[in-house]
Amino acid sequence: MRAKRLLPGLLVLALILLGLEAAVNAGLIRRALLPPPSVVGLALWDLLASGEVVQPLLTTLRLVFAGFAIGSLLGIAIGLAMGWYPPVFRLLEPLVELLRPIPKAALVPPLMLFLGIGETMKITSVSLAVFFPVLVNTLQGVRGVDRVMLDAARTHRWGAQYTLWHLVLPSALPFILAGMRISLGLAMVLAVLSEMLTGQGGLGFLILDMQRSFLIRQMYAWLVILAVMGLALNALFLLAERRMLHWQHTLEP
């Protein structure tokens, strides 16, 4: 069943690749700027066969996971506090709304000034990108809890802390996971960007280094690796989400 769902998308991807192959071979696209997919595929195979992929991939994954975990935990914790305790919301809401619209890529240069170009700066930039979507979604999830359920909790004399952990948090979980899924893509963006700007390891550095060295085939091969990494991370997150929200999928065909 799932294979049938994926088939149309795979056919579209295959048609795009065939179209690019034909356009490059016909001279409609400059081969020096965009090699045909078959040539990029050979370069990708050489990278995989040589084992050069492992270390840069692990470096970027470590950065993504560390920043994603820190940003998500802080976003969930502060979002729950702001949504459940009005004084906390009034205290933090102006600061959140001031910082939230700033593109997080614009914060990388100042972070480099304060934190240097090491792992601390990279993880901080990724964490900031993850933090705000998770916080906003958590806040909306807490505020969207059914009032009837809250009234029932009060009727049964549940305490505030018990209600928060056993009613509010589970009810807000779909919103929280939606924010985390959005933030996963942002974490990859900031991880690659910080690697490009600092010039130290990871997929971002290699993509930029290949471009500067005019190794175009290898550059596109690393881009493919980055795209596959993003696809795999998204698939793993969706699998975890389905397990955590299993009750939402029981009626799916």
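- The two residues Ser72 and Val134 make their nearest non-hydrogen contact at O-CG1, 3.7 Å.
- Side-chain contact between Leu34 and Tyr220 is present, with at least one heavy-atom pair separated by less than 4.5 Å.
- Cation-pi check for Arg143 over Phe89 is met; the charged atom lies under 6.0 angstrom from the ring centroid and within 45 degrees of its normal.
- Under the 4.5 Å side-chain criterion, counting only non-hydrogen atoms from C-beta, Phe68 is in contact with Met180.
- Between Leu91 and Pro94, the shortest heavy-atom contact is O-CD, 4.0 Å.
- Residues Ile182 and Leu190 are members of separate hydrophobic clusters, defined by side-chain heavy-atom contacts under 4.5 angstrom among Ile, Leu, Val, Met, Phe, Trp and Tyr.
- Between Lys104 and Leu186, every side-chain heavy-atom pair lies at or beyond the 4.5 Å cut-off.
- Smallest separation of non-hydrogen atoms from Leu111 and Thr124: CD2-CG2, 4.0 Å.
- Using a 4.5 Å heavy-atom cutoff, the side chains of Thr138 and Phe175 are not in contact.
- Taking both residues in full, the closest heavy atoms of Val24 and Pro36 are given as CG1-CD, 3.6 Å, listed atom of the first, atom of the second, then distance.
- Under a hydrophobic-cluster definition in which Ile, Leu, Val, Met, Phe, Trp and Tyr are linked whenever side-chain heavy atoms come within less than 4.5 Å, directly or via other members, Leu135 and Leu169 are assigned to the same cluster.
- Here the shortest heavy-atom pairing between Met196 and Gly204 reads CG-O, 3.2 Å.
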Evaluate the side chain to side chain contact (heavy atoms under 4.5 Å, CB included) criterion for residues Phe237 and Leu177: first the C-alpha distance (whole Å), next the side-chain angles of each, then the deciding distance (0.1 Å), finally the verdict. CA-CA 9 Å; Phe237 188 88; Leu177 292 176; 4.2 Å; yes
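- When the side chains of ILVMFWY residues are joined at heavy-atom separations under 4.5 Å, either directly or via intervening members, Val189 and Ile102 end up in a single hydrophobic cluster.
- Taken from CH2 in Trp222 to CG in Asp209, the straight-line distance is 11.0 Å, to the nearest 0.5 Å.
- No continuous path of ILVMFWY side-chain contacts below 4.5 Å connects Leu236 to Phe65, so the two sit in separate hydrophobic clusters.
- Counting only heavy atoms from C-beta outward, the side chains of Leu223 and Ile207 approach each other to under 4.5 Å.
- Taking every heavy atom of both residues into account, Lys122 and Ser194 meet most closely at CG-OG, 3.7 Å.
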